[in-house]
A.B. asks: 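My questions all concern the structure below.
Within every chain, numbering begins at 1; the chains are lettered A, B, ... in the order of the sequence lines, protein sequences first and strands thereafter.
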Amino acid sequence: MSQLAPSKFEYLCREVRARTGLVLGPEKAYLVESRLGPLARRSGFSAIEPLVDAMMRGDKAILTDVCEALVTHETFFFRDKTPFELFENVVAPALKTARAGRTLKIWCAAASSGQEPYSLAMLLDEAGGPKAEILATDMSGAVLEKAKAALYSQFEVQRGLAIQRLVKHFDPAGDAWRVKAHLRQMVRFEQSNLLDDFSRLGRMDVIFCRNVLIYFDIETKTQILNRLAAQLADDGYLILGASETVIGLCDALRPVEGHRGLYARAPGKARAAA
Amino acid sequence: MKPCLVVDDSRVIRKVARKIVEDLGFVCEEAGDGQEALGACRKAMPDAILLDWNMPVMNGLDFLIQLRNETGGKKPVVVFCTTENDMGHITEALRAGADEYVMKPFDSEILESKFAEAGLV
């Protein structure tokens, strides 16, 4: 770590954790340096230390920028494949029957720049239903703006996306590609932090919350999983990332047998107050 | 190991592509234009072909159309890899029988993703 006094590093970690849940330890010093160095320069500071000093003086805009720079926004279309296969082959057919024509409510929590909700919109479009409203939330306003614009670079549309899907679901827009309007209309974006109360978002049939719990400590994971469970319809599904689980963290949810990464409400568990 | 034919008139691109494709577990042959590629395919049909569009002697699209009419020419999975990045070229390639399409510039991540989409890895 370059010249950031231990007390200032601790302050930075504490503030970022309180705001985002992201656990930063001394072993993450390289991450702090590589992400905040460019931010410091962009913001007109000579180094990271004066940037942190500005945070310590209570500059809220700097704190927001620091959090956005440190949180990982990594995502791509149809990332990890399996969750989308689960959705297509297990979740959507089950709920299509159970809901008998009613619009499904799907929530992509920590949706980053929008590739996950748009991938789901593509699947629903290709299958011709069920009818669904997709809510996509993220704590970062900057990535949500990108998600809403639905404009993706040539590099981004070549990660995880089959060429047939590019042709079918995108319009060329200069050097970039834009998700077609009817798919954009299926997705609503809203700024929301998983650490904050999200009960106002209402009951959900399907929740995708992938590759975000890994950054949190056990207490935060448990708390978020319990609150996600409270939002989930009785016969709804939660989909987590490949290295995430509810086991040992949340009794209100159980793994769906034979489908790694898929969770449902545990039978006989009283619903926590949402 | 599965055979892959890398077709590009640039030796530098062939070298870069070859390294990536070999890392994906293929054994590579190279061709500098469509005519050479057709000759290579007539000797032994590869499992995969990474194909540039603009080349001297015979371009990638003409090669692909001919390939699909050859005996056994439906077998290779063809991944176009070209600077042509507009919808017109992409749909033309798909109509001619391309399985996937990479817009240059590419890197190992893109090639791996596209090979996966095409069912090659």
Side-chain angles (χ1 to χ4, degrees), chain A residues 72-89 112-116 118-120 122-123 125-126 150-184 210-211 241-242 261, chain B residues 4 7-8 13 16-17 20-21 23-24 48-54 60-61 64-65 67-68 74 76-121:
Chain A
T72 296
H73 301 297
E74 167 81 358
T75 182
F76 46 94
F77 290 105
F78 296 95
R79 183 179 183 185
D80 301 337
K81 295 263 183 281
T82 315
F84 298 94
E85 289 165 7
L86 285 174
F87 177 77
E88 197 175 14
N89 301 325
S112 189
S113 44
Q115 283 92 330
E116 180 181 82
Y118 289 133
S119 296
L120 289 171
M122 289 178 219
L123 284 183
D125 183 69
E126 288 166 15
L151 267 178
Y152 296 96
S153 71
Q154 185 167 296
F155 180 75
E156 289 167 320
V157 297
Q158 297 200 89
R159 285 183 79 193
L161 198 63
I163 194 67
Q164 286 83 0
R165 284 196 163 126
L166 180 72
V167 170
K168 186 174 165 60
H169 298 302
F170 289 75
D171 292 317
D175 286 339
W177 297 80
R178 188 160 198 216
V179 177
K180 281 189 188 287
H182 69 281
L183 298 184
R184 296 202 304 272
R210 300 195 301 134
N211 308 313
Chain B
C4 175
V7 192
D8 201 300
I13 300 238
V16 172
I20 297 170
V21 170
D23 285 348
L24 294 174
I49 301 175
L50 192 68
L51 182 63
D52 187 19
W53 193 302
N54 294 305
L61 187 72
L64 176 58
I65 292 166
L67 171 76
R68 292 308 192 202
K74 300 266 191 300
V77 171
V78 175
V79 179
F80 252 108
C81 186
T82 168
T83 50
E84 305 295 348
N85 61 359
D86 58 286
M87 196 65 105
H89 277 91
I90 296 172
T91 49
E92 196 176 2
L94 291 176
R95 265 203 309 274
D99 297 284
E100 257 302 338
Y101 198 102
V102 173
M103 296 175 270
K104 286 175 181 170
F106 63 92
D107 59 10
S108 59
E109 213 173 289
I110 287 176
L111 272 198
E112 184 170 4
S113 168
K114 289 300 193 173
F115 269 49
E117 290 302 329
L120 285 167
V121 289

A.B. asks: Determine which residues belonging to residues 167-182 of chain A lie within contact range of chain B, meaning some heavy atom pair is under 4.5 Å apart, and list them by number or answer 'none'.
C.D. replies: A/Val167, A/Phe170, A/Pro172, A/Trp177
A.B. asks: Heavy-atom cut-off 4.5 Å, strictly under: side chain, backbone, both or neither for B/Ile110 against chain A?
C.D. replies: both
A.B. asks: Please classify the contact of B/Asp99 with chain A as side chain, backbone, both or neither, using a heavy-atom distance under 4.5 Å.
C.D. replies: backbone
A.B. asks: Enter the distance from B/Glu117:CD to A/Leu166:CG here, rounded to the nearest 0.5 Å.
C.D. replies: 11.5 Å
A.B. asks: What residues of residues 152-164 of chain A make heavy-atom contacts with chain B at a cutoff under 4.5 angstrom?
C.D. replies: A/Gln154, A/Phe155, A/Val157, A/Gln158, A/Arg159, A/Gly160, A/Leu161, A/Ala162, A/Ile163, A/Gln164
A.B. asks: Can you say whether B/Glu109 sits under 4.5 Å from chain A via the side chain, the backbone, both, or neither, judging by heavy atoms?
C.D. replies: side chain
